[in-house]
Amino acid sequence: MIQNVAVIGAGTMGNGIAHVFAQNGFKVNLIDVNPAQIEKAIQTISKNFDRQIAKGTATEDQKKTALANIQSRSDFAAGVKDCQLVIEAATENQELKLKIFKQLEEHAPETAILATNTSSISITKIAAITSRPQLVIGMHFMNPVPVMKLVEIINGYATNKEITNTIVELSKKLGKVPCVVNDYPGFIANRILMPMINEAIYSLYEGVAGVEEIDLVMKLGMAHPMGPLQLADFIGLDVCLSILEVLHQGFGNPKYAPCPLLVNMVTAGRLGVKTGEGFYSYAVTGSKELVVSESLRKG
Ligand SMILES: NC(=O)c1ccc[n+]([C@@H]2O[C@H](COP(=O)([O-])OP(=O)(O)OC[C@H]3O[C@@H](n4cnc5c(N)ncnc54)[C@H](O)[C@@H]3O)[C@@H](O)[C@H]2O)c1
């Protein structure tokens with residue numbers, strides 16, 4: 001039975017994952033190499049609870065209990081040692097994830113389920129670095145985690161069926177809707193979403209339309225709740241670039257090649273909401289404001 005959960009990585013996703021587990025009565029160890037990130041994550045969780053309280057979807061008592069369920073940990077070994085489930089939500093980088101799963105083999109209990117929130121990296125490859133690939137699975141939450149219903153569950157080549165069933169049932173306990181898919185680059189969510197975002201960036205790069213026009217067409221024309229460029233800002237442009245690179249390499253198909261404008265923006269450190277600036281500026285008031293200038297347009 002799963003009671004203690006370790007979440008590795010306290011960034012955009014890690015704080016949301018810790019939030020939903022803690023809200024549903026699980027004990028959570030929130031681990032990050034950067035202690036400042038953990039502190040920031042706890043503040044974000046607290047703020048997000050306040051938002052839920054204002055909407056009437058959570059109470060002050062639930063917030064208090066949930067925050068008490070979360071332990072900040074900068075010591076990896078101590079953080080994972082008593083957990084029945086580990087969810088890795090560290091930076092989207094294959095080498096880093098392989099390193100973390102190697103460490104998990106050393107420090108996590110032998111029977112612990114080892115899940116990754118990766119957006120695109122092969123579950124089979126991550127599993128193969130361990131000697132317990134049957135316990136490794138993809139548990140792909142969507143951003144923002146407390147709000148989004150879907151959990152895309154990804155079976156690696158060797159994932160045991162019982163482990164899949166456990167994660168399906170667990171996702172339901174968190175109030176989420178699980179959907180099980182197989183392990184190919186980008187799975188389903190990002191295989192379909194990222195080419196759309198990349199195409200939106202290409203449309204901007206080629207001067208077909210501006211940021212607001214592109215987002216407006218997709219919002220009003222396709223009934224998307226937000227446009228693809230704003231969505232990219234929320235996901236993080238570095239995350240989008242990493243996923244496109246995985247799709248590009250994994251399928252060997254040039255249609256997934258990341259747009260040079262995306263590469264430039266990531267190189268310049270314009271990563272979207274988390275750095276205060278991407279296709280929009282979020283810096284001063286938290287409200288969005290256009291920053292992409294005419295000079296970025298070609299043609
Ligand atoms: N951002 C999204 O919308 C989104 C959606 C679904 C899945 N994901 C996936 O979730 C994962 C995390 O993405 P994110 O957007 O939260 O990234 P992020 O950059 O916001 O946070 C990553 C965190 O990992 C920490 N970290 C790095 N190395 C570590 C290590 N060795 N041990 C512990 N912590 C470490 C960093 O300090 C940082 O706090 C990625 O695999 C990403 O693909 C992201």
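These figures come from a predicted structure and were not determined experimentally. We use all heavy atoms of the structure for the numbers below, so side chains are in, but hydrogens, waters and symmetry mates are not. Counting convention: from 1, in listed order, for ligands and their atoms alike.
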Please state whether [X] comes within less than 4.0 angstrom of ligand 1, counting heavy atoms only.
X      : value
Gly236 : no
Lys97  : yes
Phe76  : no

What is the closest protein heavy atom to [atom], and at what distance does it sit?
atom                    : answer
atom 28 (N) of ligand 1 : Leu96 CD2, 3.5 Å
atom 19 (O) of ligand 1 : Lys274 NZ, 3.5 Å
atom 1 (N) of ligand 1  : Ile235 O, 2.9 Å
atom 13 (O) of ligand 1 : Met13 CG, 4.0 Å
atom 38 (C) of ligand 1 : Asp32 OD2, 3.5 Å
atom 29 (C) of ligand 1 : Val33 CG2, 3.6 Å
atom 11 (C) of ligand 1 : Ala90 O, 3.3 Å
atom 27 (C) of ligand 1 : Thr91 OG1, 3.4 Å

- Short side-chain donor-acceptor distance under 3.5 Å, Asn264 and Tyr205: no
- Message: Run the salt bridge (Lys or Arg N to Asp or Glu O under 4.0 Å) test on Arg132 and Glu110 for me, step by step, so that the C-alpha distance in whole Å, both residues' side-chain angles and the decisive distance to 0.1 Å come before the verdict.
- Response: CA-CA 8 Å; Arg132 31 180 132 147; Glu110 260 177 39; over 6 Å; no
- Is atom OH of Tyr157 surrounded by more than 12 heavy atoms (other residues, nucleotides or ligands) closer than 6.0 Å? no
- For atom CD of Gln103, decide whether the heavy atoms of other residues, nucleotides or ligands shown that lie under 6.0 angstrom number more than 12. yes
- Message: With respect to Glu92, determine whether any N or O atom, backbone or side chain, lies less than 3.5 Å from an N or O atom of ligand 1.
- Response: yes
- Query: Could an N or O of ligand 1 be found under 3.5 Å from any N or O of Asp238, whether backbone or side chain?
  - Reply: no
Answer yes or no: is there a donor N or O on one side and an acceptor on the other, between the side chain of [X] and the main chain of [Y], under 3.5 Å?
X      : Y      : value
Glu92  : Ser120 : yes
Asn15  : Ala10  : no
Asn198 : Leu244 : no

Can you sort out which atoms of ligand 1 are near [X], meaning under 4.0 Å from one of its heavy atoms?
X      : answer
Thr12  : 15 (O), 16 (O), 20 (O)
Gly9   : 24 (O), 34 (N)
Ile100 : 30 (C), 31 (N)
His140 : 6 (C), 7 (C)
Ala89  : 11 (C), 12 (C)
Gly11  : 16 (O), 20 (O), 21 (O), 23 (C), 39 (O)
Gln37  : 38 (C), 39 (O)
Thr118 : 41 (O)

- Message: Show, in sequence, the C-alpha distance, side-chain angles and deciding distance for Lys274 and Asp238, and conclude whether the salt bridge (Lys or Arg N to Asp or Glu O under 4.0 Å) test is met.
- Response: CA-CA 10 Å; Lys274 65 182 155 190; Asp238 53 337; 3.1 Å; yes
- Query: When Lys27 is tested against each of Asn4, Asp82, Asn69 for side chain to side chain donor-acceptor pair (under 3.5 Å), which residue passes?
  - Reply: Asn69
- Pick from Gly16, Cys240, Ser119, Gly79: the one approaching atom 9 (C) of ligand 1 most closely through a non-hydrogen atom: Ser119
- Parallel, tilted or perpendicular: which fits the ring planes of Phe49 and His19, with parallel below 30° and perpendicular above 60°? parallel
- Query: Do Arg73 and Asp32 meet the salt-bridge criterion of a basic N to acidic O distance under 4.0 Å?
  - Reply: no
Could you give the side-chain donor-acceptor pairs of residues 182-193 under 3.5 Å, partners two or more places apart or in another chain?
residue: Asp183; atom: OD1; partner: Ile123; partner atom: N; Å: 3.2
residue: Asp183; atom: OD2; partner: Ser122; partner atom: OG; Å: 3.3
residue: Asp183; atom: OD2; partner: Ile123; partner atom: N; Å: 3.2
residue: Asp183; atom: OD2; partner: Thr124; partner atom: N; Å: 2.8
residue: Asp183; atom: OD2; partner: Thr124; partner atom: OG1; Å: 2.5
residue: Asn190; atom: ND2; partner: Ser119; partner atom: O; Å: 3.1

- side chain to side chain contact (heavy atoms under 4.5 Å, CB included) involving Glu60 - partner list, sequence neighbours excluded: Ile53, Lys63
- Message: For Ile243, which part has a heavy atom under 4.0 Å from ligand 1: side chain, backbone, both, or neither?
- Response: neither
- Query: Among the clusters formed by ILVMFWY side chains lying less than 4.5 Å apart, do Ile126 and Met13 turn up in the same one?
  - Reply: no
